Amino acid sequence: TSQARVDDVLTGLVATLEGLALQLINTQQSPASAMAQWLVEKEAPHNFTVDRECELKACDESKAVVRYTRHALDTSEICDHIAAGKMPTKLALTWDNRVSFVLTDAGTIKKIDMLDVVFEEHAAKNHDDNFDADVAIFTGTFAMVINDLFDALGGEVQLEKA
């Protein structure tokens, strides 16, 4: 979704839930530098695989952008772009062959897709109302994705309390 829509939802939550305080999460390694490392080393972090979608953007005044869709990303061409100063702004990943998504340089997770295997066991039971179970499966699975992604980015930066 758009950042404006996210801001609207967060504003509504803070207004509705008294005492709710929200803050951005900072990781030890920035998503952009981690994604660049994974692409250059041709090795995704534990439990992840790099998919076939990526966007690289130049950090200079040209702001040149290279987008790869349905393209192998383990080529020297990708490394050449990174060596020339283009940094990943989007990278498609799959976690544990169960959840596909796109990670952005801002740490945003987009295009979340639970693969069929996630819901297969539950669907075989032929429940009339699967919504509650599906939500529980989704949130439980996605919590594991988030934990592994934080680990892949070096963990959360702990700010010192004054």
Side-chain angles (χ1 to χ4, degrees), residues 1-15 20-119 138-162:
T1 189
S2 70
Q3 186 61 45
R5 183 71 177 135
V6 169
D7 291 342
D8 290 344
V9 169
L10 294 179
T11 300
L13 282 173
V14 169
L20 178 66
L22 302 172
Q23 66 183 31
L24 293 175
I25 295 173
N26 292 312
T27 54
Q28 296 289 335
Q29 187 175 21
S30 75
S33 64
M35 292 186 293
Q37 178 183 346
W38 303 335
L39 289 168
V40 168
E41 293 177 356
K42 296 174 180 55
E43 187 172 336
H46 178 68
N47 283 340
F48 290 93
T49 55
V50 172
D51 292 341
R52 299 172 54 92
E53 180 180 339
C54 178
E55 180 178 285
L56 303 165
K57 187 174 187 179
C59 298
D60 61 15
E61 64 279 349
S62 73
K63 302 292 184 202
V65 176
V66 178
R67 288 185 184 92
Y68 292 92
T69 305
R70 295 182 301 274
H71 192 283
L73 301 178
D74 58 353
T75 65
S76 62
E77 182 180 354
I78 300 289
C79 295
D80 292 344
H81 283 297
I82 293 171
K86 291 182 182 77
M87 290 297 289
T89 55
K90 296 178 185 175
L91 181 63
L93 298 165
T94 295
W95 176 81
D96 198 30
N97 295 318
R98 301 171 65 83
V99 183
S100 290
F101 61 94
V102 173
L103 178 64
T104 72
D105 57 342
T108 306
I109 298 171
K110 298 182 174 206
K111 297 182 182 180
I112 302 166
D113 184 23
M114 293 285 170
L115 303 180
D116 292 340
V117 69
V118 175
F119 297 107
F138 178 91
T139 55
T141 301
F142 203 67
M144 293 185 285
V145 172
I146 297 296
N147 286 335
D148 281 354
L149 187 56
F150 279 167
D151 288 347
L153 297 173
E156 186 176 355
V157 172
Q158 299 297 322
L159 300 176
E160 293 182 27
K161 295 182 181 180

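In this text the structure is predicted, and so the values were computed from the model without any measurement. Atom set for the values below is all heavy atoms of this structure, side chains included, hydrogens, waters and symmetry mates excluded.
Residues Gln29 and Gln37 are in side-chain contact: their nearest non-hydrogen atoms beyond the backbone lie under 4.5 Å apart. Contact check for Leu153 versus Pro31: side-chain heavy atoms found under the 4.5 Å cut-off. Using a 4.5 Å cut-off on side-chain heavy atoms (C-beta onward), Asp151 and Asn47 make no contact. Contact check for Phe142 versus Thr139: no side-chain heavy atoms found under the 4.5 Å cut-off. Between Trp95 and Leu149 there is no side-chain heavy-atom pair separated by less than 4.5 Å. When side chains are defined from C-beta on, Val50 does not count as touching Asp74, because their heavy atoms never get closer than 4.5 Å.
For the atom pair Ser33 OG and Gln28 CD, the distance stands at 11.0 Å (nearest 0.5 Å). Summarising the geometry, atom CG belonging to Asp51 is positioned 12.0 Å from atom CG belonging to Leu103; distances are rounded to the nearest 0.5 Å. To the nearest 0.5 angstrom, Leu56 atom CG is 8.5 Å from Leu73 atom CG. Taking OG1 of Thr49 as the start and CG of Asn97 as the end, the distance is 6.0 Å to the nearest 0.5 Å. Note that the CD atom of Glu43 and the CG atom of Leu39 stand 12.5 Å from one another [nearest 0.5 Å]. In this structure, the separation between CE on Met35 and CE on Met87 is 7.5 Å, given to the nearest 0.5 Å.
In this structure, Lys86 places its NZ atom where more than 12 heavy-atom neighbours from other residues, nucleotides or ligands lie under 6.0 Å away.
Between Phe48 and Trp38, the ring-plane angle classifies as parallel under the 30° and 60° cut-offs.
At a cut-off of 3.5 Å, with distance as the only test, no side-chain donor of Thr89 or Asp105 sits close to an acceptor on the other residue.
Lys111 pairs by the salt bridge (charged side-chain N to carboxylate O under 4.0 Å, His left out) definition with Glu53, not counting sequence neighbours. Scored by the side chain to side chain contact (heavy atoms under 4.5 Å, CB included) test, Arg67 finds Glu55, Val65 as partners (sequence neighbours excluded).
Here the shortest heavy-atom pairing between Lys42 and Thr75 reads NZ-O, 4.1 Å.
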